[in-house]
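The structure presented is a predicted model; accordingly, all values stated were derived computationally and were not measured. Just so we're on the same page: letters track the sequence lines, and every chain starts at 1. Below, all heavy atoms of this structure are taken into account, side chains as well, without hydrogens, waters or symmetry copies.
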There are 2 protein chains.
Amino acid sequence: MSSEVTLKHIAEALGVSAMTVSRALNDRPNVDEQTKKKIVEKARSMGYRPNHVAKSLVSNKTYTIGVVIPEITHAFFPEVVRGIEEVTYGSDYQLFLTNANEQFSREMEAIRALQSQRVDGILISSSQTVEDFSFYEELLNSRTKVVFFDRCVENLGASCVSVNDRSSSTRITEHLITTHNIKKISYLSGPQEVSVGRKRYRGFMEALEKHNIPVNDDWVIEAGFREKSGYNAMNKLLALPPEDRPEAVVTVNDPCAIGAIQAIGEAGFSIPDDFAVVGFTDDVRAELLKVPLTTVHQPAYEVGKRAAQKLIKTIEHEEEPAENIEVLTTLKIRESCGCGEE
Amino acid sequence: MSSEVTLKHIAEALGVSAMTVSRALNDRPNVDEQTKKKIVEKARSMGYRPNHVAKSLVSNKTYTIGVVIPEITHAFFPEVVRGIEEVTYGSDYQLFLTNANEQFSREMEAIRALQSQRVDGILISSSQTVEDFSFYEELLNSRTKVVFFDRCVENLGASCVSVNDRSSSTRITEHLITTHNIKKISYLSGPQEVSVGRKRYRGFMEALEKHNIPVNDDWVIEAGFREKSGYNAMNKLLALPPEDRPEAVVTVNDPCAIGAIQAIGEAGFSIPDDFAVVGFTDDVRAELLKVPLTTVHQPAYEVGKRAAQKLIKTIEHEEEPAENIEVLTTLKIRESCGCGEE
DNA sequence: TTGTATGCGTTATCAG
DNA sequence: CTGATAACGCATACAA
């Protein structure tokens, strides 16, 4: 029933002004201890809950942070969220998560909604698949503070917290080349409009160049970040004549790798004998697979933590400089690359 | 720089009143087509973004829905979120997710923050671990509409969307009894203050009763919903003298089962020969385990969808009656219960 | 210490 | 079709 108790209601009930109630409830110094006590008590008994909507309209600050995630069912992101929460929990900021479902259009909608709600800042991992930066440029010109994480939009002057995607990709590819002496290597890439898609692809290419391995265009397939896209891409490779097939498959992330592994299994091939496969993420499933997946471990929790810290600093200090923060990955060598069981 | 374009700014720039601008931008009928066009164009060029905070203050409606999740890294919940999104995406409502991290105190904070933001409704899966319902009673008396999902708080008159926890738990337990002729069965339970903890436990007990199997108190251990608690609880069972140990372990959910499985492995025992294990959830990992996990498949996506639909109806129709909606589970028979490979 | 006036950005209402 | 005014709930600035 209690249809919205306001300061005014409390004031009337007590025969004081709304202003005094406001002061008492906000613990301002200039209010009599006795009346303050009375007011606080009355407020509780009436079930008063401050209207942040009104508060925000006055203060132009909402103490909320929005988070834009590309794909909530990709286990990497929930783990990032836990890192973000370690920082925001106990701080004054409340978190609002949104999921873009890998669609840039949804991401824009989410960001617009967040802006309309006047969140103080937004943490974004972008699903961008277009070349047009105007949307982000406008965003960065607004009062809303922005920090990108993992999938960053670069060169716009915003801070970015990510992992060393490029060198990690080089490193895991080189593992195949040097430890397993494999030269026929395929790459299932992510979209090139997304930073991590681009960086990991470049890292892969760099490994080939470094070892003078020529690139076979048939073996570089733009797959995507999901199981299904890895599955489809792998089937394209399997459709090649046997003598034209690669010996190993490097993938943009673990879901993609897991899709590829399924395709390989369904085609009757085995891992790592017929195809070595490596991933990127260290998904919860990676070590549980029948042939555990060699992959790059991304410190998701740490990424979230650093991103949240940077955003709050950016919100609270006008002159906080933008910066790129790279958290380092570690290689997880398991069996899918051909390494024997430890 | 563009520090917050308002209706007034646009009005001044065009020499009309703020009211006319408001009407034009909201596509109201009573405004000249010519002026409307001019206004819409000017608004875009000035980068106008409506201030929902102010809008909400007037309309007392925010077109936002809050979601309270107990544990974002438990894969069941992200999948529920996808179901919720299928409904809200394309509707007028924007979603704000919060994570309670299995702590009731955090859940209360999240709900309070959501209420202060004046969300129109909240979808809650409760982390409640106390017997005090006053917090929820107050919540349900406020203007905020509430629908519980999965972990419901019952008998408060709010709608609830869940699965048939009790009978599913009976069914999977009976599978062990009738198909595998196992009588020495242990139960790793969830907290009894949480609905699903309670219901699944009762379902388990019902199966024993039905088959006249006496309960061994040493075998019923309050574990919890996470890997770690399953791991610890299983170690307690393993500490019993060999002749006092059960032959099978029924668990409250898959994470708990996975923890127990790890403890069993570390102790040098094997599944299902030494211990049969069954779960509840059908986590992504369930079928990937070395011994694939027999479990109850929960239609998470469907739960989310139904809950979101019910909430929106409840928000939009004052007289929408509360109801309990049960979505049915299916049994996933794999090898961890002793069933041979198909 | 307390109260009054005023404004945040938007919309409902009523007048023109 | 358009405009002026008041109101939403709260806090700042100033006055008493």
Side-chain angles (χ1 to χ4, degrees), chain A residues 2-40 42-43 46-64 112-113 115-120 142-144, chain B residues 2-40 42-43 46-64 115-120 142-144:
Chain A
S2 65
S3 76
E4 297 325 299
V5 181
T6 71
L7 290 185
K8 213 172 168 189
H9 295 148
I10 301 175
E12 278 165 7
L14 252 39
V16 297
S17 80
M19 206 44 235
T20 305
V21 179
S22 169
R23 282 194 268 254
L25 261 23
N26 287 304
D27 221 17
R28 294 300 170 77
N30 48 351
V31 50
D32 183 82
E33 271 305 323
Q34 292 299 322
T35 43
K36 179 191 282 192
K37 225 173 99 183
K38 252 196 325 203
I39 290 171
V40 170
K42 193 76 185 174
M46 292 178 73
Y48 173 73
R49 198 115 324 151
N51 185 334
H52 279 197
V53 172
K55 247 183 163 114
S56 301
L57 189 58
V58 167
S59 70
N60 209 22
K61 187 139 203 270
T62 57
Y63 286 98
T64 55
R112 286 208 187 99
Q115 277 197 291
S116 283
Q117 298 290 336
R118 296 299 193 264
V119 295
D120 296 326
S142 75
R143 60 184 276 290
T144 316
Chain B
S2 67
S3 75
E4 296 324 299
V5 181
T6 71
L7 290 184
K8 214 173 169 185
H9 297 148
I10 302 175
E12 278 163 8
L14 252 39
V16 296
S17 80
M19 203 49 231
T20 304
V21 178
S22 168
R23 282 195 269 252
L25 260 24
N26 287 299
D27 220 17
R28 294 299 171 77
N30 47 351
V31 50
D32 184 82
E33 272 306 324
Q34 292 299 319
T35 42
K36 178 189 287 192
K37 223 172 102 183
K38 252 194 323 201
I39 291 171
V40 169
K42 194 76 184 173
M46 292 178 73
Y48 173 73
R49 199 111 328 151
N51 185 334
H52 279 196
V53 172
K55 245 182 166 113
S56 300
L57 187 60
V58 168
S59 68
N60 209 23
K61 187 140 202 272
T62 57
Y63 286 99
T64 55
Q115 277 197 291
S116 284
Q117 297 290 336
R118 295 300 193 265
V119 295
D120 297 326
S142 74
R143 61 184 276 291
T144 317

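Taking atom NZ of A:Lys38 as the reference point, atom P of C:dT1 lies 15 Å away to the nearest angstrom. As rounded to whole Å, 17 Å separates atom P of D:dA7 from atom CG of B:Asn60. The nearest whole Å value for the distance from the CG atom in B:Asp32 to the P atom in D:dG3 is 11 Å. If you measure from atom CD of B:Glu12 to atom C1' of D:dG3, you get 15 Å, rounded to the nearest angstrom. Rounded to a whole Å, the CG atom of B:Leu14 is 15 Å from the C1' atom of D:dG3. Atom pair B:His9:NE2 and C:dT10:C1' shows a separation of 14 Å (rounding to whole Å applied). Between the CZ atom of B:Arg23 and the C1' atom of C:dG9 there is a distance of 16 Å, given to the nearest Å. Rounded to whole angstrom, the span from the CZ atom of B:Arg143 across to the C1' atom of D:dC8 amounts to 12 Å.
Nearest to the side chain of B:Thr6, among D:dG9, C:dT10, D:dT2, sits C:dT10. Here D:dA13 is the nucleotide among C:dG9, D:dA13, C:dT2 with the atom lying nearest to any side-chain atom of A:Met19. You'll find that the side chain of A:Leu7 is closest to D:dC10, out of C:dT1, C:dG9, D:dC10.
Each of A:Ala54 and B:Val31 has a nearest nucleotide on DNA chain D; the 5'-most of these lies closest to B:Val31. Comparing B:Lys36 and B:Leu57 against DNA chain D, the residue whose closest nucleotide sits nearer the 5' end is B:Lys36.
An OP1 or OP2 oxygen of D:dC10 is reached within less than 4.0 angstrom by no side-chain nitrogen or oxygen of A:Ser22. Here B:Arg28 reaches the OP1 or OP2 of C:dA12: one of its side-chain N or O atoms lies under 4.0 Å away. Regarding contacts with the backbone of D:dC10, a side-chain N or O of A:Tyr48 is found under 4.0 angstrom from either OP1 or OP2. Distances shown here put a side-chain N or O of B:Lys55 below 4.0 Å from the OP1 or OP2 atom of C:dT11. Taking 4.0 angstrom as the limit, B:Asn26 places a side-chain polar atom (N or O) nearer than this to OP1 or OP2 of C:dT11. Between A:Ser59 and D:dC10 there is no side-chain polar atom (N or O) within less than 4.0 angstrom of OP1 or OP2. Between A:Thr20 and C:dG3 there is a side-chain polar atom (N or O) within less than 4.0 angstrom of OP1 or OP2.
Using a 4.0 Å heavy-atom cutoff across all strands shown, A:Val58 reaches at least one base atom of the nucleic acid. A:Ser56 comes within 4.0 angstrom of no nucleic acid atom, judged by non-hydrogen atoms across all strands. Among the protein residues, A:Asn30 comes within range of the nucleic acid bases, having at least one heavy atom under 4.0 Å from a base atom. Counting non-hydrogen atoms under 4.0 angstrom, A:Val16 reaches the backbone sugars and phosphates but no base.
Between the NZ atom of B:Lys38 and the NZ atom of B:Lys42 there is a distance of 10.5 Å, given to the nearest 0.5 Å. In this structure, B:Glu4 CD and A:Asn60 CG are separated by 6.5 Å, a value rounded to the nearest 0.5 Å. Remark: A:Arg23 CZ to A:Leu7 CG distance equals 11.5 Å, nearest 0.5 Å. The distance from the CG atom of B:Leu14 to the OG1 atom of B:Thr20 is 10.0 Å, given to the nearest 0.5 Å. For the atom pair CG (A:Asp120) and OG1 (A:Thr64), the distance works out to 5.5 Å, reported to the nearest 0.5 Å.
A:Arg118 contributes no side-chain N or O that forms a donor-acceptor pair with the base of C:dG9 under 3.5 Å.
Among A:Gln117, A:Lys55, A:His52, A:Arg118, the single residue meeting the side chain to side chain contact (heavy atoms under 4.5 Å, CB included) criterion with B:Val53 is A:Arg118.
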